[in-house]
Number of protein chains: 2
Amino acid sequence: EFEGFTGYGEASLPPYLGESQDSVMGFLKKVKLEQFHDPFLLDDILEYVDSIDEGNRAAKACVDIALHDLIGKLVDQPLYRLWGLNPVHTPLTSFTIGIDNPEVVKMKTEEASRFRVLKVKLGGGNDREMINTVRSVTSVPIYVDVNQGWKDKQKALDMIHWLDEQGIEFVEQPLPKEQVDDMAWLTENSPLPIIADEAFQRISDVARFKDVYSGINIKLMKSTGLREAHKMITVARALDMKVMIGCMTETSCAVSAASQLSPLVDWADLDGNLLINNDLYEGVKVIDGKVTLNNLPGIGITKS
Amino acid sequence: EFEGFTGYGEASLPPYLGESQDSVMGFLKKVKLEQFHDPFLLDDILEYVDSIDEGNRAAKACVDIALHDLIGKLVDQPLYRLWGLNPVHTPLTSFTIGIDNPEVVKMKTEEASRFRVLKVKLGGGNDREMINTVRSVTSVPIYVDVNQGWKDKQKALDMIHWLDEQGIEFVEQPLPKEQVDDMAWLTENSPLPIIADEAFQRISDVARFKDVYSGINIKLMKSTGLREAHKMITVARALDMKVMIGCMTETSCAVSAASQLSPLVDWADLDGNLLINNDLYEGVKVIDGKVTLNNLPGIGITKS
């Protein structure tokens with residue numbers, strides 16, 4: 001809260017990232033924002049927040065999002081507008097189809113008919129069956145996310161060639177993040193872009209991955225929030241890398257925040273708020289498959 | 001002009017950059033901003049302006065600066081504040097001492113006593129005399145600008161070792177910009193940072209120069225303005241490069257605009273407005289040698 005305006009933030013906590021409600025509350029207790037007289041001092045404030053402790057990236061994102069929301073409200077502008085972006089340029093968002101048996105996959109794909117792009121998880125041993133099942137229902141473009149599920153680079157390349165024939169747009173994190181040399185070889189030889197997800201966390205990773213991946217999947221809960229995510233996009237563009245923006249399973253708060261940056265990216269997977277029943281906010285909508293920004297100030301949400 | 005607010009911009013035109021009053025006016029005549037309904041659409045507008053014609057970087061900077069000034073006024077905030085920067089973190093600015101005989105250099109150095117850093121031009125054949133003369137008057141830190149004046153990399157390195165002993169902070173553009181391999185060798189072996197100036201123009205140069213120079217000298221009249229300059233700083237930082245911000249001989253308009261970014265840089269050489277007698281504006285001041293931002297909206301100027 002500042003001069004009667006309230007900024008909202010969110011930390012979403014997939015168990016595998018090592019943060020919990022307790023760790024976030026513990027971290028936030030250490031954050032002493034009273035020492036800053038002005039919420040506009042983002043560089044100083046967020047550098048301080050980052051320096052309090054290692055990790056805690058979702059907790060840090062929560063502070064970053066709330067500050068951005070507050071600043072947008074103080075100047076009465078949506079963030080995308082303060083950043084000079086055109087809301088017309090938002091991408092489509094994909095809807096994610098998890099690994100399952102053909103009956104379930106078929107049903108989920110049919111339910112997702114309002115989306116114009118799907119993201120299909122592979123790496124569960126039934127890759128061709130998954131794709132064939134989705135393709136039996138729809139011909140929309142597909143993003144593939146392997147979540148480090150393949151181990152052999154040559155087999156991965158063979159599969160990517162087959163995927164290329166099935167109308168796949170790109171492949172996310174095909175090999176384990178530790179197999180850096182294999183990944184560089186795969187990216188060099190692949191007909192499809194290869195995107196880093198699990199391997200990629202913060203801005204220092206971008207330049208490191210220039211010759212290893214074709215692009216990066218940015219998520220606010222990994223990047224510590226909007227400010228670093230925005231910088232990541234600038235750096236990736238300067239290095240001729242593709243950019244995707246994704247999310248965790250989270251409410252319209254964090255999803256709407258990420259959406260403010262989406263006019264800058266190639267691909268979006270911003271469906272986290274559509275996978276939950278307890279969304280506390282109304283914000284950015286998916287209209288005809290496209291991320292659709294409103295003209296509310298800040299991150300663009302209201303309490304629902 | 002937009003909704004009663006006016007944004008100011010400036011194109012300054014050193015003869016060696018190939019732009020003239022005629023070329024700027026000719027370029028600006030082609031710029032049809034009426035097609036954009038909203039000055040906040042910086043990404044779209046500046047991409048369009050850049051696409052109108054090759055070169056014309058100062059003319060493009062003039063449009064960019066005016067739009068930024070306008071946006072700052074529309075939301076009633078200085079640009080540094082919209083960018084989340086703390087005005088306390090502005091650097092000192094250097095004052096430039098040109099190549100001349102010892103009497104003149106001594107006089108100019110004495111006149112510059114209110115500056116806490118000097119930039120001394122070398123490469124005129126009297127390098128040691130220049131430095132010795134300045135040092136006979138003052139012990140402040142010195143930046144050295146060779147303007148491509150040395151040709152031999154080994155002699156350059158010997159001179160840099162000597163300069164290091166005289167309290168020099170860095171060396172700008174020691175060799176001709178075409179000698180890329182020599183420059184990379186010099187940077188690797190130099191005890192002082194080597195900064196690109198003539199070699200460096202736009203954002204695509206930053207990544208290219210990662211292993212050739214220690215850092216870059218950004219000038220708005222080369223970068224096409226504030227938006228690309230801001231991105232350049234982000235990219236250079238991600239690549240662990242040093243950043244300097246400089247200017248041409250220009251009024252307080254362009255100098256104040258560049259100063260808005262200065263909390264982000266290592267070094268500033270923002271004395272262009274102090275070298276002229278026909279400054280049309282009042283803006284950012286040098287106080288006790290330091291770039292000092294005011295709290296006026298936009299680029300922070302008023303007509304004088």
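Residue numbering restarts at 1 for every chain, and letters A, B, ... go by the order of the sequence lines. Because the structure is a prediction, the values reported are computed rather than measured.
Separation of atoms CH2 (Trp83(A)) and CH2 (Trp83(B)) is listed at 15.5 Å; rounding is to 0.5 Å. Rounded to the nearest 0.5 angstrom, Ser204(B) OG and Asp240(A) CG are separated by 9.5 Å. Taking NE2 of His230(A) as the start and NZ of Lys231(B) as the end, the distance is 7.5 Å to the nearest 0.5 Å. In this structure, the separation between CZ on Arg237(B) and OG1 on Thr234(A) is 15.0 Å, given to the nearest 0.5 Å.
Sorted by first then second residue, the salt bridge (Lys or Arg N to Asp or Glu O under 4.0 Å) pairs that include residues 254-263 of chain A, not counting sequence neighbours, number zero.
Open room surrounds NZ on Lys242(A); 12 or fewer heavy atoms of other groups in view lie less than 6.0 Å from it.
The ring-ring contact (aromatic ring centres under 6.0 Å, His included) test applied to Tyr213(A) returns Phe209(A), not counting sequence neighbours. The ring-ring contact (aromatic ring centres under 6.0 Å, His included) test applied to Tyr8(A) returns Tyr281(A), not counting sequence neighbours.
Heavy-atom distances place no part of Leu46(B) under 4.5 Å from chain A, backbone and side chain included. Looking at Leu239(B), the atoms closer than 4.5 Å to chain A (heavy atoms on both sides) all sit in the side chain, from C-beta outward. Of the two parts of Leu264(A), only the side chain, counted from C-beta on, holds a non-hydrogen atom closer than 4.5 Å to a non-hydrogen atom of chain B. Of the atoms belonging to His89(A), it is side-chain heavy atoms, and not backbone ones, that fall under 4.5 Å from chain B.
Identified by a heavy-atom distance below 4.5 Å to chain A, contributing residues of residues 50-58 of chain B are lacking entirely.
Taking 4.5 Å as the limit, some side-chain heavy atom of Arg81(B) sits within range of a side-chain heavy atom of Asp38(A).
For the pair Ala207(A) and Ala238(B), the tightest heavy-atom approach, listed with the atom from each and the gap, is CB-O, 4.5 Å.
Per-residue heavy-atom pair counts under 4.5 Å with chain B were compared for Leu85(A), Ile45(A), Ile203(A), Val88(A), and the maximum is reached by Leu85(A).
Evaluated for a side-chain contact (heavy atoms from CB on, under 4.5 Å) with Asn86(B), the options Leu42(A), Asp44(A), Asp43(A) yield exactly one hit, Asp44(A).
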